[in-house]
Structure formats: structure tokens, C-alpha cells
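Presented below is the structure to which this report refers.
Just so it is clear: chains get the letters A, B, ... in the order the sequence lines come, proteins before strands, and each one is counted from 1.
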4 protein chains.
Amino acid sequence: MRARLERERETRRESIIEATEQLLNEKTFESITMDDIAMRSDFAKASIYQYFKNKEELLIKVFSRILEIKCRLIKEKCLSQADPVQAIRNYIRLEFEFIRRYPWGPRVAATFPFIDYQEVNYLFALYEQKKKLIAAIIQRGQTGGIFVKADLDVFTNMIISAGVGFVNYFSTHMSSDLQSPEIEMFISTIIKGITKGEQ
Amino acid sequence: MRARLERERETRRESIIEATEQLLNEKTFESITMDDIAMRSDFAKASIYQYFKNKEELLIKVFSRILEIKCRLIKEKCLSQADPVQAIRNYIRLEFEFIRRYPWGPRVAATFPFIDYQEVNYLFALYEQKKKLIAAIIQRGQTGGIFVKADLDVFTNMIISAGVGFVNYFSTHMSSDLQSPEIEMFISTIIKGITKGEQ
Amino acid sequence: MRARLERERETRRESIIEATEQLLNEKTFESITMDDIAMRSDFAKASIYQYFKNKEELLIKVFSRILEIKCRLIKEKCLSQADPVQAIRNYIRLEFEFIRRYPWGPRVAATFPFIDYQEVNYLFALYEQKKKLIAAIIQRGQTGGIFVKADLDVFTNMIISAGVGFVNYFSTHMSSDLQSPEIEMFISTIIKGITKGEQ
Amino acid sequence: MRARLERERETRRESIIEATEQLLNEKTFESITMDDIAMRSDFAKASIYQYFKNKEELLIKVFSRILEIKCRLIKEKCLSQADPVQAIRNYIRLEFEFIRRYPWGPRVAATFPFIDYQEVNYLFALYEQKKKLIAAIIQRGQTGGIFVKADLDVFTNMIISAGVGFVNYFSTHMSSDLQSPEIEMFISTIIKGITKGEQ
DNA sequence: CATGAATGAGGATTCATTCAT
DNA sequence: TATGAATGAATCCTCATTCAT
């Protein structure tokens, strides 16, 4: 029965996180008030403090949750792909799909207060995990003689920065339509750029 | 003499803007208080309201100033380049240099409150201006048979999103060192991706 | 079996009171939270309300308990003394020992909220009881021709105020060391002051 | 003109302090809210923070002010007295008068939060100053062969603790009437206790 | 123009107490 | 009886903005 209570508690935590995510579509975390969150999650303001020590901890939880989902998706949809070119293509599309679901991601990441916090270490771990997944794809492509030679770490960093950067910028400043021709052009450009010989 | 007064007034406006820019290196615009700005700019808090209607107008001014500078730099350093490949290369490097000078740029852009405001139109005009500059470069490359064929608008959007996106992300999450090998690799990849045939 | 239940109930009440007393060594009653008390007494916060109507009642209980102990001690250690001088001497020392055990006594007494409350009457009764004990000692001294003549009530009030006052102040502001020479000097001074003729 | 502004500012600070003192007659500092103070001092709540960093600083200011007054009074009314017996008598009466004016003194002192604070050092200095004044009186009495022999420091501590202690306790628990016979009896007792030979 | 002062409208957080199980 | 959960009502403090001089 202790387990059931724990599970219920977790459910309520999630409601609050979800309410916060909804609000993040509408405004900055800083400008979201605990009243907003309370209203949206149908709790009394004071109740939220039973689930999160303070506003900052809530932000960190919201943020790490989205990273977790991202990692899971990458694992599911990219690593399974045998063809490295297709895997990279999928990865970039996936970043795009992801941003459609959580458009506030870049905004929150941009203003994330990197104060010392035990939880922050967990966030870094998640970042690293994601990086390793991409590196695995690239290495496969290099071993297979498909991708250009380059230091694996540099290559990975470049791909992630280019991919996430493009997606963030494009969806924020131009369009978040998955069908936009710019996306396909970007992917082709990158693929052509990193594959050996002619495509 | 009216002119001198006007000039002095402008100087003081700039002091305030500069103080705000300094503070933006340290924290979010939302979390910067008018007291902070007053302190840093050596004005009394109330005096700031003689130069800017309110905090929001100040933000817009800060933001449009940085766009103006960006446009000027692009004109100076890229359009002059006859070789389109070199021009694109320069453009991306320039975005990078730019972000070194104004690291808060992406953060501010990400959280910019796009409320209706007369001034905001001016911002859009600046964006458009920048886009036209890049388009001009690309068109030259296409006409010269160097760049791949593609809708000019799409091509331009893609280049800007890829360039600014990469630079924003890489400098925020990885390193803001101009010598990082990732940067050169990114530029080569993009160039290879958009040029016809072999390099 | 009803009796056993009642006894258990009383035991639990005492645990809570003891937890509160511990906390009073660390901070003001006002700044002690029900959460603090719950934590310290190993009860759930809500459970405390099964034993005390509210925080105020708890304070009164804590406070009257300490007065009860005080009265008992005076009876045991002073009234037994045949020699009135020695009895007074003992009384003052006893107040001192008492404050070593409950250093928060004066602080709590000073901020005691004298709101109308049935229980408060009981407190007054205890005060009166203590006063009578001291009066008895003094009267014995006067009857025996040892103490100076003076209205018994005035005499008693004076002795209590001087004794408790000195002890409170000295232990709070100077030292709570039972061996401090000031204590002996105070006692001698008072004794000399209230006894007839030479000492 | 800078001076006038400064003076006005000081006046407003004093208003706030006075409002707080009034309220201290009615309840604990902890239970006084900034709203109370604002109401009583006819300022907006936010304005108070222009004069005091926070509630705690305000308390310290209130508290040090009363100590200052006390020191000044002792200087004026006791040191002038040539006769040491009369000086001590005056001193105790003065403590009593003082408590009539600031009955909340003991209560506030009892619950004073002795957290590290620059200002707290100042408080200690004031305490020391007061102690020196009393020591001077006693020394005069000892030199003149009127008071009993005893270590000056111990003697002083004892007198202060007895005096302030009695006054605090008596006025809080019994009566704050300056004419109460207990007061005269206490003073006589102490005087008799500390003077040599017969009185 | 410049600025010291004043403040209304919040905002995060706390806490005694109640309720449902 | 015991307690996890919920919450209304504060409470301290902040801040953009206005006003009077």
C-alpha cells in the first residue's frame, strides 16, 4: 500500500510538471507564477510545495524530463537504423519533431539558470548520454567508409550543434512546419557535406 | 544648439543601452531590474524613464541596436567578397565573432516578448534587410554556377538558420572559442553541401 | 483497560511536550513550527492535534508543566529546611538550578500570550501556590525574629522578584554557571539585607 | 541642501522606529507584521524597505536606540550624584522609570535573535558602556569605605543583574507602579546588603 | 532635466489547521 | 486512532513606475 501512495504521489508530480509545460508554451519560466501553475494544475498554490521544494527545482524537473524523452526517442528511432545516412537523416527529423512537441525547449534551455544544484549533474549526464548515441551512429558511418574522416568527438559535436541549432533557430524564427522545404534542403546539405565522394 | 542638446541626449541613451548590454552578460533581461540598470549607468532610476518609455522599450532598443550592428558588419565584410564561397565562409565566421561580442544575443532573442509594439516593425525590417544581404550572396553563387540550384528564398532561409543556429548552439552549449575545430568542420560541410560537383 | 489506554495517551502527550521543550532550547515558541514538533516527536503533524487543540494549548501545557515541577522542587527542598535563612538561600539556588534545566523558561514567560483561556487560570493557581510556599518560609523567619519586619505580602513579592529576576537576567546575559561568584554575592547581599541586626 | 535631505530621511526613519516601539507594547516583534508597521507609521509597506533593509535590521535599530537612551539617562542622573548610596538608589529607580517608558524592553531582549550582524557589535559596545558607568559608582563607594569589599567586576555584575532582573520581573509579573512598596523594600535590602556595618 | 521618495500590485514561500481515508 | 494530503491566509520582500521638487 506504501507503493500505491508513492505511485499516486508521482502522478500528482507529473500533473504539475505537465501544467508547467503547457504554460511554457505561452511564456517564459521567469514570468510564469506559482499562481499560474496552481491554477493550471488544479492544485492550491501551497500544495505545489509538497511536491517541489521551490520554483527552481520544478524547472529542473521539467527540463530533465524533456531530455529523458529525447534520449529515449533517439534510441528508439535512430540506433535501430542500419544505414548511417538514414540514421542521421532520422536524427535531424527527430529533433524537429521533438521541437514541435516542446517548442519551449530552446527558450528554456537558453535561460536555464545553471546554479549549483545536485540535480544539475543529472542533466549533464543526460546530455552526455545523448552525445554517445550520436557518436555511435557516426562511428558506424566512418567505419563503413561512408562518412568523411574526422575526429569523432569533433564530428559529433558538429552534427549535434548543426542539427539542434538549425532546428531551434528555424522553428523559432521561421516556421515550425515539418514540411518546410528548408528542412529537407538542410538535411541534404549536411548529408552531402559529410559523406565521401559523390552522393 | 538644439542639435547639441539632441546629441547629448543620444549619448545618454547610449550609456543606458550599454549598461543594459553589460548586465545582459550576467543575467536574463527579466531578472535585470531598473535599479540594476540605474546603478550601472550612473543615472537615477527615475531618469531612465526620460529616455525610454519603459523597460520593454529599452529591450527593443537594445535588441535593434545589435541587429543594426550585425547588418553593418555583414555589408562591410561579406558583400565586398567577390568569391561567393569565401563570402559564405566569411558570413558564418562573422556570426561567430558577433556572438563572442554579444553572447547574450541568442538568449535575448529566445525570450523576446513579441508583443504588439510599433517598434517591433522596425526589428522585422532589420531582419529582412539581413536576409536580403545573404540572398544577394547566394544568388551571385548560383548565377556563377557554383552553388546548387534551389529556390532562392528557401536556400537563404536554410543558410541563415543553419549558420545562426549552429553558432548559437555551439557557443552556448559547447565552446565560444573561435579556434574550435568544429567550426571549420561545420563551414566545410555546409560549403561542400551547397556547391556543385567536387570541391 | 480504559485505564491503560488513558495512560498511553498521557505518555504520548508527554513525548510531544518533551519534543517542544527540546525545541525551545533552540528557538522561540513562535518560530517553532508544528512540522518541527512533529519531526522531533516522531508523530505525523496531524496527530499532534489529537493531543492538543492547537499550538497555543500546547504552549500552555508546556509552561504549566514547568511550573508544576518548580513547585514540587520548592516543596521538597526548601520547606523541609528549618532554618529560614538557609531556606531562602536554598530557594534562590534552586531557582538557579531550575533555569539550568529549562533555560528557555524566562524567554517563554516573557512572550507568553496572556489571552483568555480556561487553562490560563490553572497557571495563575500555580503561581499563587508557589508564592504561598515562599510566604510560609518568610513568615517563619519573621516569627522567629530573624527577618526584618515588613508586610508579608510585600516581603514575599520582593523576594520572588529579586530572586527570579536576578537569576533570569544573570543566566541570560552573563553566565549560567552555578559556581559564578556573583550568585553567592547576590544571595549574601539579600540575606544580609533582610535579616535583623548583624550577620 | 544635501544636509536637509539627510535630516529629513533621518526623521522618517525615526517615525518608523517609533511606530514599531508603539506596536511592541502590544505584541511580540515576531508577531508584528510589516503591514502593522506600515499602517502605524503611515507609510506604504514598500516604503519601509527604503529605510531598513529588512525586519531584522529594524529590530536591531529599535533595540540599540533604547540602549542608547538608557546609557544617556544613567550618565545624566547617576554619575552626577556624589553619594554612592544615593547613586545606586537612583540607578535602580531609573531602571524602573525606564521600563515604564519601554515596557517591551525585557520581552524584546529575551527574544532577541543574536545572529551575526555588523550592528550587533554596536549593541555589545553599548552594554559595556553601561557596565562601566555602574562600576565607576561602585568603585567610588568602595574607595570611600562605604560599600563592602568585593571584586569590582563581580560586584558590578551582581548589582546590574539584581537591579535589572528585579525590575524586569516585578514590572512584568506584578506591577509597574513606581509607588509599589516592593520597590522601596528591594532597594533598601540591596543597599543594606552592600554597605558596611550598620545603616 | 534630474532625482529622491513613494507605492500598488504582485510574487515566492510558509504554516497552522482541517479533511478524508 | 493515525496520517498523508490539501489549503486559505498570511508574511516578507521586490520592482516597475509615478510624482513632487
Rounded to the Å, how far apart are [X] [atom1] and [N] [atom2]?
{"X": "C:Asn54", "N": "E:dA16", "atom1": "CG", "atom2": "C1'", "value": "9 Å"}
{"X": "C:Glu56", "N": "E:dC15", "atom1": "CD", "atom2": "C1'", "value": "16 Å"}
{"X": "C:Asp36", "N": "E:dT14", "atom1": "CG", "atom2": "C1'", "value": "12 Å"}
{"X": "C:Met39", "N": "E:dC15", "atom1": "CE", "atom2": "P", "value": "11 Å"}
{"X": "D:Ile37", "N": "F:dC12", "atom1": "CD1", "atom2": "P", "value": "8 Å"}
{"X": "D:Leu59", "N": "F:dC12", "atom1": "CG", "atom2": "C1'", "value": "15 Å"}
{"X": "D:Asp35", "N": "E:dA9", "atom1": "CG", "atom2": "P", "value": "14 Å"}
{"X": "D:Leu58", "N": "F:dC13", "atom1": "CG", "atom2": "P", "value": "10 Å"}

- [ ] Mark yes or no: C:Lys70 above the aromatic ring of C:Tyr127, with NZ or CZ under 6.0 Å from the six-membered ring centre and no more than 45 degrees from the axis.
- [x] no
Short side-chain to backbone donor-acceptor contact, [X] and [Y], under 3.5 Å:
{"X": "D:Arg40", "Y": "D:Glu21", "result": "no"}
{"X": "A:Ser47", "Y": "A:Phe43", "result": "no"}
{"X": "A:Ser64", "Y": "A:Ile60", "result": "yes"}

Between [options], which nucleotide gets closest to the side-chain atoms of [X]?
{"X": "D:Tyr51", "options": "F:dC13, E:dA5, F:dA6", "answer": "E:dA5"}
{"X": "B:Lys45", "options": "E:dT7, E:dT3, F:dA16", "answer": "F:dA16"}
{"X": "B:Ala46", "options": "F:dC19, F:dT7, E:dA2", "answer": "F:dC19"}
{"X": "D:Ala44", "options": "F:dC13, E:dG8, F:dA6", "answer": "E:dG8"}
{"X": "B:Gln50", "options": "F:dC12, F:dT7, E:dC1", "answer": "E:dC1"}
{"X": "A:Ser47", "options": "E:dA16, F:dA6, F:dT14", "answer": "F:dA6"}

- [ ] Report the secondary structure of DNA chain F in dot-bracket form, marking unpaired bases with a dot and bases paired to a different strand with |, and treating Watson-Crick or G-U pairs with both distances under 3.5 Å as paired.
- [x] .||||||||||||||||||||
Task: Close residues, residues 7-34 of chain A, relative to DNA chain F [heavy-atom separation under 4.0 Å] - done: A:Arg9, A:Arg12
Open item on the list: Quick check on DNA chain F: between D:Tyr49 and A:Ile48, whose nearest nucleotide comes earlier from the 5' end?
Closed with: A:Ile48
Distance-minimising heavy-atom pair for [X] and [Y]:
{"X": "A:Asn54", "Y": "A:Tyr49", "result": "CA-CE2, 4.1 Å"}
{"X": "A:Ile17", "Y": "A:Arg65", "result": "CG2-NE, 3.6 Å"}
{"X": "C:Gly105", "Y": "C:Phe63", "result": "O-CE1, 4.2 Å"}

Task: Between CG on residue B:Leu23 and CD on residue B:Glu18, distance to nearest 0.5 Å - done: 12.0 Å
Open item on the list: Tell me which one of A:Arg13, A:Glu10, A:Arg12 satisfies side-chain hydrogen bond (donor to acceptor under 3.5 Å, both in side chains) with A:Tyr51.
Closed with: A:Arg12
TODO: Could you tell me whether D:Glu30 and D:Lys55 make a salt bridge, using a distance below 4.0 angstrom between a side-chain N and a carboxylate O?
DONE: no
